[in-house]
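Written out below as structure tokens is the structure these notes cover.
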Amino acid sequence: MLHVDLDQFLAAVEVLRHPELAGRPVVVGGKGDPTQRAVVATASYEARRFGVRSGMPLRTAAKRCPDAVFLPADNAHYEEVSEEVMATLRARPGVVVEVMGWDEAFVGAETDDPEAVARTIRADVLERTRLHCSIGVGDNMLRAKLATEFAKPGTGDGVYRLTAANWAEVMFDRPTQALWGIGTKTARKLADRGIATVRELAAADPAALAAELGPALGPWYVQLGRGIGRAVVEGTPWVPRSRSHETTFQENLTDWADVRTEVAALARRVAAEISRADRPAVRVAVKIRYAPFSTYTRSATLDAPTTDADRFAAAALDVLELFGSRRPVRLLGVRAEFPPV
DNA sequence: TCTGGGGTCCTAGGACCC
DNA sequence: TCTGGGGTCCTAGGACCC
């Protein structure tokens, strides 16, 4: 199977619309104003050379790279371009495509020469969308996904293969955080238990980790260390489990009447969307981030499933009452949850 | 580094029931 | 009366990913 990942997707799409930006450091995120509360969605490779990274506050990015061009995120446009890319992948006969986000997808294909297929896909995507991508080849999703890192510009040449055959050689000396599913926190917890490398994780006792890190997560981490993952690409369309909107305010809300107004507005936005999708909510959750940055969620099961904006907003306002504190609010969010399939 | 927005899945504790 | 064990649902929070 293959893992296709577009290179610096948002920045690349913007450069296509603004050719004069080619070769310049480009940072996409928020409203494109580095003085606002927002983070980097994608930085071009030129901007990354200055230490600009995804998830970094725009303010910080501007300090590291004052000459960068800051552009607002235009999600509707990225959505369209992404659809074009995915359509290109699906146009190949006999493949199964599992979309993982705007800029990446797994492609299942029966072939004796996956590298040749990968090269063809790269050429097709480039021809049809003028976008570059990197492709990981693997014997399961974990390995294909990780292979892509070694295919990326600066490290590789566009295609890389990672399978059981070279897993130990390539991965064993790397930190556990290199694995897809292990982040900072888990890497720390593992390190505290003497497990720093993929090699050590692969050799760890699943039962011991189950006891310490959770009955499902513990053993799963060991599997990650061994390079084990799902081997079948699923082509069936994804059915969302929830739908939400949230906003970080440029100025904290201090008046609770404003908080109520904003929660109702967010709830109505969510209701409009679940109504359009004909997916009644069975549960509503409200999220508050108080200044400076402590986040809480309260939720409730609805009396009856609904897509009705008035009823959904009223339910959200009821849940809002469950919060004890009315300290200044930095962020509000409302989420609709659907019944389990 | 003063920290977005949209998601998913797992875990643990308490309520409740038999 | 202070005391079982198992199962399921609800809820909040944590961690991770794009």
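Naming convention: chains lettered A, B, ... in sequence-line order (proteins, then strands); numbering from 1 in each chain. Bear in mind that the values here come from a model prediction, so they are computed numbers and not experimental data.
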So what does [X] touch, heavy atoms closer than 4.0 Å: a base, only the sugar-phosphate, or nothing?
X	value
A/Thr247	sugar-phosphate
A/Asp103	sugar-phosphate
A/Leu179	sugar-phosphate
A/Leu58	nothing
A/Thr184	sugar-phosphate
A/Arg53	nothing
A/Gly30	nothing
A/Trp220	nothing
A/Arg335	nothing

Can a donor-acceptor pair be found, under 3.5 Å and without considering hydrogens, that links the side chain of [X] to the backbone of [Y]?
X	Y	result
A/Arg330	A/Ala291	no
A/Arg283	A/Phe338	no
A/Trp238	A/Met100	no
A/Asp5	A/Ile135	no

Salt bridge (charged side-chain N to carboxylate O under 4.0 Å, His left out) between A/Asp124 and A/Arg128: does it pass, once the steps are laid out?
-> CA-CA 6 Å; A/Asp124 286 351; A/Arg128 197 157 144 186; over 6 Å; no
Side chains of A/Trp167 and A/Leu142: closer than 4.5 Å at any heavy-atom pair?
-> yes
What distance, rounded to whole Å, do you find between the two C1' atoms, one in B/dC16 and one in C/dG4?
-> 16 Å
Between A/Trp180 and C/dC17, do the rings stack, that is, sit under 5.5 Å apart with planes less than 30° off each other?
-> no
Could you give the [atom1]-to-[atom2] distance, from [X] to [N], as a whole number of Å?
X	N	atom1	atom2	answer
A/Phe323	C/dT11	CZ	C1'	12 Å
A/Lys287	B/dT3	NZ	C1'	13 Å
A/Leu332	B/dG6	CG	P	13 Å
A/Ile274	B/dG6	CD1	P	15 Å

Within 45° of the axis and under 6.0 Å from the centre of the six-membered ring of A/Phe293, does NZ or CZ of A/Arg289 qualify?
-> yes
Which comes earlier along DNA chain B counting from the 5' end, the contact point of A/Arg289 or that of A/Arg64, where each point is its nearest nucleotide?
-> A/Arg64
Upstream residue (5' side of DNA chain B) when A/Ser242 and A/Leu213 are each assigned their closest nucleotide | A/Ser242
If a stem is a run of at least 3 consecutive Watson-Crick or G-U pairs, both distances under 3.5 Å, which stems include DNA chain C?
-> B:5-18 with C:5-18
Mind telling me whether A/Phe323 and A/Tyr290 have parallel, tilted or perpendicular rings, with 30° and 60° as the class edges?
-> perpendicular
A/Thr60 side chain: which of C/dC16, B/dT1, B/dT3 is closest?
-> B/dT1
